[in-house]
Number of protein chains: 2
Amino acid sequence: MHLPITVPVEAEPDLFKAIGDATRRTILDELTEKDGQTLFEICGRLTVKHGLASSRQAISQHLAVLEQAGLVHTRRQGRYKFHHIDTSPLRSISERWPIDREAPNP
Amino acid sequence: MHLPITVPVEAEPDLFKAIGDATRRTILDELTEKDGQTLFEICGRLTVKHGLASSRQAISQHLAVLEQAGLVHTRRQGRYKFHHIDTSPLRSISERWPIDREAPNP
DNA sequence: TTGACAGGCAAGTGTGCACTTGCCTATAAC
DNA sequence: GTTATAGGCAAGTGCACACTTGCCTGTCAA
């Protein structure tokens, strides 16, 4: 008797890794407020508005993770690279763990 | 001139930490499928269904993180401790980063 | 053409955390 | 009362990853 062993493989590990970091979440907050920012802009606003004085490279790496997860799409225009948020991958969270409807209070 | 410096503080850091780990996500999957499991049950099902042979203590620690984040509520009954999933904290994710409505296709 | 600006590749570092093992307490069954 | 079962406290370890610094390429302005 030959039983195949099938272990479920997670669909979107990148998504959770992406939102698992506080700096990356703050970047998403920023892009929600002002979509289409450049790296330079994001760095500046993180510093001024969030007291987050990370290096340019750190933020660049974070953006790469967000892009890999599909939460950010980029558009290059000359020497500028604009970053646009895309929240649709988050849909899979509430699909995976459905949020209960409000139960009527007795 | 005395300017107060106000840096936004994140509302629910625990939530993202909780779902940031793959084992914890799998535990949530398990409780979605069969709510009210004990530690022993969860360990067994993780091993058999997910090929996840973690130690009992590792899973216990994960459950503590999930409970701290409000994603799991526990009920002790004698020597058993039943774990119940509560997905309502996940609501804050789509509130924080609203998911765009489907744009009509041209 | 030169220098400034924007962003990227690469390598290295420190530490938080997911894991382990050892030992314990409480409850239940016999 | 003794043994089995369920879960917990505690301490230690290894490594993934968020960060750094150095240097580079491409674009743009003067």
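In what follows, every chain begins at residue 1, and chains take the letters A, B, ... in the order their sequences are listed. Keep in mind that this is a model prediction, so the values were computed, not measured.
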Round to a whole Å and report the spacing from [atom1] of [X] to [atom2] of [N].
{"X": "Leu63(A)", "N": "dA6(C)", "atom1": "CG", "atom2": "P", "answer": "16 Å"}
{"X": "Arg76(B)", "N": "dG7(D)", "atom1": "CZ", "atom2": "P", "answer": "7 Å"}
{"X": "Asp21(A)", "N": "dG16(C)", "atom1": "CG", "atom2": "P", "answer": "14 Å"}
{"X": "Lys17(A)", "N": "dG16(C)", "atom1": "NZ", "atom2": "C1'", "answer": "15 Å"}
{"X": "His83(B)", "N": "dA6(D)", "atom1": "NE2", "atom2": "C1'", "answer": "11 Å"}
{"X": "Ile42(A)", "N": "dG8(C)", "atom1": "CD1", "atom2": "P", "answer": "11 Å"}
{"X": "Leu39(B)", "N": "dG8(D)", "atom1": "CG", "atom2": "C1'", "answer": "10 Å"}
{"X": "Phe16(A)", "N": "dC17(C)", "atom1": "CZ", "atom2": "P", "answer": "19 Å"}

Can you tell me if [X] touches the phosphate of [N], counting only side-chain N or O atoms and a distance under 4.0 Å to OP1 or OP2?
{"X": "His62(A)", "N": "dC19(D)", "answer": "yes"}
{"X": "Arg24(A)", "N": "dA18(D)", "answer": "yes"}
{"X": "Ser55(A)", "N": "dC19(D)", "answer": "no"}
{"X": "Lys81(A)", "N": "dG8(C)", "answer": "yes"}

Practice item. Please lay out, stage by stage, how Arg96(B) and Glu10(B) fare under the test salt bridge (Lys or Arg N to Asp or Glu O under 4.0 Å). Key: CA-CA 11 Å; Arg96(B) 184 167 174 179; Glu10(B) 191 171 32; 2.7 Å; yes
Practice item. Report yes or no: do Glu67(B) and His83(B) form a side-chain donor-acceptor pair below 3.5 Å? Key: no
Practice item. Answer with yes or no whether the side chains of Gln37(B) and His84(B) bring together a donor and an acceptor at under 3.5 Å. Key: no
Practice item. Could you check which of dT5(D), dA18(C), dG7(C) has an atom nearest any side-chain atom of Arg79(B)? Key: dT5(D)
Study note, to complete from the structure: Side-chain atoms of Ser60(A) come closest, of dG7(D), dA11(C), dG8(C), to dG8(C)
Check your understanding: When you match Tyr80(A) and Leu52(A) each to their closest nucleotide on DNA chain D, which lands nearer the 5' end?
Key -> Leu52(A)
Check your understanding: Closer to the 5' end of DNA chain D via nearest nucleotide, is it Thr23(A) or Gln57(B)?
Key -> Gln57(B)
For [N], does the base pair up with any side-chain atom of [X] as donor and acceptor (N or O, under 3.5 Å, distance only)?
{"X": "Arg56(B)", "N": "dG8(D)", "value": "yes"}
{"X": "Gln61(B)", "N": "dC19(C)", "value": "yes"}
{"X": "Gln77(B)", "N": "dT27(C)", "value": "no"}

Practice item. With the side chain counted from C-beta on, respond yes when Leu71(B) and Ile85(B) share a heavy-atom pair under 4.5 Å apart, and no when they do not. Key: no
**Study point:** Under 3.5 Å: donor-acceptor pair, side chain of Thr47(B), backbone of Cys43(B)
**Key:** yes
